[in-house]
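First comes the structure, then the notes that go with it.
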Amino acid sequence: MSKHRIGLGIDLHRLGPAKTCRLGGVDIPSDVGPIGHSDGDAVLHAICDACLGAAGMDDLGSLFPDDAAVNAGRNSDDFCKEVHARLQAAGLRVQSLDVVVEAERPKLKAHRQEIREHIADLFDLPVDHVNLKGKTGEGLGEIGRGEAIRATAVALVAST
Ligand code: MG
């Protein structure tokens, strides 16, 4: 049996008026931001779900219910640290992460390196093992109308 396992995570958040938009743990100046029970960080939520998927550990909503007061406004770095710790305890280690963000705004390009470094830090990875791509919705659907942001992540996990 291969020691490698792959997981997929997808997270969508509605966008509303804001001063910043937190993505990948970095606060990006923006006139729109995600509306969510926690800080609404779709990138970190998708990454957590991808890691949990690879580990066969259900999903983020099971670990951190969105109707629990303790998770209100919570910094999603906490979720990543918990997921990382659970994988380690199960003898698993994240090897690489690749993320696609679909949104009209904010633009990620100027912040991509900082986000990659932050995520690499959270999962104890070299920065070139974390990738981030930004796409628009080409004017189509809820993404294209600027009403929502969606992040999709894949994680490669290996047993240690
Ligand atoms: Mg979410």
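Bear in mind that the values here come from a model prediction, so they are computed numbers and not experimental data. Both ligands and their constituent atoms are indexed starting at 1 by order of listing.
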Inset, instruction - Apply side chain to side chain contact (heavy atoms under 4.5 Å, CB included) to I115 and V99, showing your working. - result: CA-CA 11 Å; I115 293 172; V99 186; over 6 Å; no
Item to complete: For residues N75 and D39, report the shortest heavy-atom separation together with the two atoms involved.
Response: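 Shortest heavy-atom separation between N75 and D39 comes out as CA-OD2, 3.5 Å.
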So which N/O/S atom does [X] have closest to the Mg ion (ligand 1)?
| X | answer |
| --- | --- |
| H45 | ND1 |
| D11 | OD2 |
| H13 | NE2 |

Examine D41 and say whether one of its N/O/S atoms is closer to the Mg ion (ligand 1) than 2.8 Å. no
- prompt: Can you name the one residue among R105, E102, E104 that meets side chain to side chain contact (heavy atoms under 4.5 Å, CB included) with T136?
  reply: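 Result: among R105, E102, E104, E104 is the only option passing the side chain to side chain contact (heavy atoms under 4.5 Å, CB included) with T136.
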Test log, rule salt bridge (Lys or Arg N to Asp or Glu O under 4.0 Å), inputs K19 and D27
CA-CA 9 Å; K19 291 200 173 80; D27 286 325; over 6 Å; no
